[in-house]
Amino acid sequence: RSTLDRSSAASDVYKRQMTSKMQVKSVQYKVIATAQKLFYKEGVRAVTMDKVAHSLRMSKRTLYELFADKEDLLVACIEDSYKEFNDKMRAATKPEDSVIDIILRSFSFRLEWSKDISPAFFSEAHNYPKVETLFERQSESMRADFCEFYHRGVDEGLFIGQLNPHLLYLSFVSMMGAIRDYSTTDPLQPFDLLLNTYLVHARGFSTEKGRKLIDEFVNSYRQEHTI
């Protein structure tokens with residue numbers, strides 16, 4: 001066979017491999033989208049691989065070829081939710097936004113995302129070691145972002161200066177863990193949960209100017225949504 005024939009054959013093999021990978025990715029995306037809805041609605045414990053396969057009208061064998069087990073599928077769902085949130089924030093953020101603008105937009109997005117999610121999802125997801133590892137990795141990544149964000153807020157006159165951003169972030173992470181455990185026995189409404197953790201924490205290290213912006217947002221949100 002000529003060099004041209006061999007090159008053409010290799011190109012055909014490569015194209016078939018790429019097409020196959022794209023098809024697998026497409027199916028994986030559909031599985032993740034379906035599993036997310038089930039996990040969010042019913043919690044993690046109640047959702048089985050059987051239920052996911054049935055919802056997709058897919059064989060269990062095919063599902064297990066895509067994801068080794070429920071834990072791997074759950075991790076993929078959470079990773080996808082992180083990506084979706086970050087993409088949404090990047091798309092909405094404008095160069096002229098202040099740190100308070102970004103905090104309030106994040107609050108709104110998180111509130112919209114969490115309002116239809118079962119409290120069981122948040123508590124039960126932490127029972128899986130791979131999920132805990134993912135959360136810890138994400139937390140470490142966010143620590144550096146928070147420190148940079150804090151210093152930017154100080155420069156904008158919206159955050160109190162001379163505080164330790166590492167301790168501020170650690171206190172927030174610790175508080176969220178306690179709230180997660182509490183909400184399993186006495187489920188909190190998303191607005192109450194995020195207001196009394198996310199915004200109260202941010203308000204605590206904000207200047208008078210920053211606190212005023214947060215308070216105006218909360219009052220306006222309560223009026224618009226009759227909370």
Glu216 meets the salt bridge (Lys or Arg N to Asp or Glu O under 4.0 Å) criterion, sequence neighbours left out, with none
Phe121 meets the ring pair (Phe, Tyr, Trp, His ring centres under 6.0 Å) criterion, sequence neighbours left out, with Tyr40
So the salt bridge (charged side-chain N to carboxylate O under 4.0 Å, His left out) pairs with at least one residue in residues 197-212 (sequence neighbours excluded) are Arg203-Asp215
d(Tyr128 OH, Leu134 CG) to nearest 0.5 Å is 14.5 Å
Hits for salt bridge (Lys or Arg N to Asp or Glu O under 4.0 Å) against Lys51, two or more places apart or cross-chain, chain-then-number order -> Glu42
Interatomic distance, CZ@Arg90 vs OG1@Thr93, rounded to 0.5 Å, equals 9.0 Å
- So do the side chains of Val99 and Tyr150 get within less than 4.5 Å of each other, counting heavy atoms only? no
| said: Could you tell me if the side chain of Leu195 sits less than 4.5 Å from the side chain of Arg222, heavy atoms only? | reply: yes
In this structure, CG of Leu63 is separated from NE2 of His54 (nearest 0.5 Å) by 13.5 Å
Exercise for review: Keeping the roles fixed (side chain from Ser174, backbone from Ser171), state whether a donor-acceptor pair exists under 3.5 Å.
Suggested key: no
Between Val200 and Phe107, is there a shared hydrophobic cluster once you connect ILVMFWY residues whose side-chain heavy atoms come closer than 4.5 Å?
no
Between Ile214 and Ser206, the two heavy atoms sitting closest are CD1-OG, 3.9 Å
Side chain to side chain donor-acceptor pair (under 3.5 Å) pairs touching residues 160-169, sequence neighbours excluded, are Ser139-Tyr169
Ring centres under 6.0 Å, that's the criterion: do Phe122 and His126 meet it? no
Applied to residues 28-38, the salt bridge (charged side-chain N to carboxylate O under 4.0 Å, His left out) test, sequence neighbours excluded, yields none
inquiry  = Could you tell me if the side chain of Asp50 sits less than 4.5 Å from the side chain of Lys60, heavy atoms only?
reply    = yes
Applying salt bridge (Lys or Arg N to Asp or Glu O under 4.0 Å) to Lys41 and not counting sequence neighbours gives none
For Lys70 and Val44 the tightest heavy-atom approach is NZ-O, 2.9 Å
Contacts satisfying side chain to side chain donor-acceptor pair (under 3.5 Å) that involve residues 71-84 (not counting sequence neighbours) are Gln36-Asp80, Asp72-Lys130, Lys83-Asp87
Scanning both residues in full, the closest heavy-atom pair of Met58 with Val27 reads CE-CG1, 3.7 Å
| task | Please answer whether the main-chain N or O of Val31 pairs with a side-chain N or O of Thr34 as donor and acceptor at a distance below 3.5 Å. | result | no
Notebook entry, point to check: Is a salt bridge present between Lys94 and Asp101, judged by a nitrogen-to-oxygen distance below 4.0 Å?
Noted result: no
Heavy atoms of Leu194 and Ser114 approach each other most closely as CD1-OG, 4.2 Å
Leu104 side chain reached by Tyr221 side chain, heavy atoms, under 4.5 Å
no
### Task
Answer yes or no: does atom OH of Tyr29 have more than 12 heavy-atom neighbours from other residues, nucleotides or ligands under 6.0 Å?
no
Minimal heavy-atom distance between Ile160 and Val154, with the atoms involved, is O-CG2, 3.7 Å
So CH2 of Trp113 and NZ of Lys88: to nearest 0.5 Å the spacing works out to 11.5 Å
Discussion item. Would you say that Asp97 contacts Arg105 through its side chain, given a criterion of any heavy-atom pair below 4.5 Å between the two side chains?
Written reply: yes
Would you indicate whether Arg143, at its atom CZ, is surrounded by more than 12 heavy atoms from other residues, nucleotides or ligands within a distance under 6.0 Å?
-> yes
#### Entry: Side chain to side chain, Gln28 and Phe67, heavy atoms closer than 4.5 Å
yes
### Leu170 with Phe205, same ILVMFWY side-chain cluster at under 4.5 Å
no
| field | Short N-O contact, Glu140 and Arg137, less than 4.0 angstrom | value | no
Taken in chain and number order and not counting sequence neighbours, the residues that satisfy side chain to side chain contact (heavy atoms under 4.5 Å, CB included) with Ser59 are Arg61, Thr62
One should read off an interatomic distance between Ile32 CD1 and Leu66 CG, to the nearest 0.5 angstrom, of 9.5 Å
Across all chains, not counting sequence neighbours, the ring pair (Phe, Tyr, Trp, His ring centres under 6.0 Å) partners of Tyr64 are none
Begin from the C-alpha positions of Phe149 and Ile102 and carry the test side-chain contact (heavy atoms from CB on, under 4.5 Å) through to its verdict.
CA-CA 10 Å; Phe149 190 74; Ile102 294 171; 4.0 Å; yes
Value for OG (Ser118) from CG (Leu38), rounded to nearest 0.5 Å, stands at 12.0 Å
Those residues at least two apart in sequence (or on a different chain) that pass side chain to side chain contact (heavy atoms under 4.5 Å, CB included) with Ala35 are Phe39, Val52, Leu73, Cys77
Can you find a pair of side-chain heavy atoms, one from Gln138 and one from Phe135, that are under 4.5 Å apart? no
For Arg152, the side-chain hydrogen bond (donor to acceptor under 3.5 Å, both in side chains) test, sequence neighbours excluded, returns Glu156
- Would you please classify the geometry between the Phe109 ring and the Phe85 ring as parallel, tilted or perpendicular, with 30° and 60° separating the classes? perpendicular
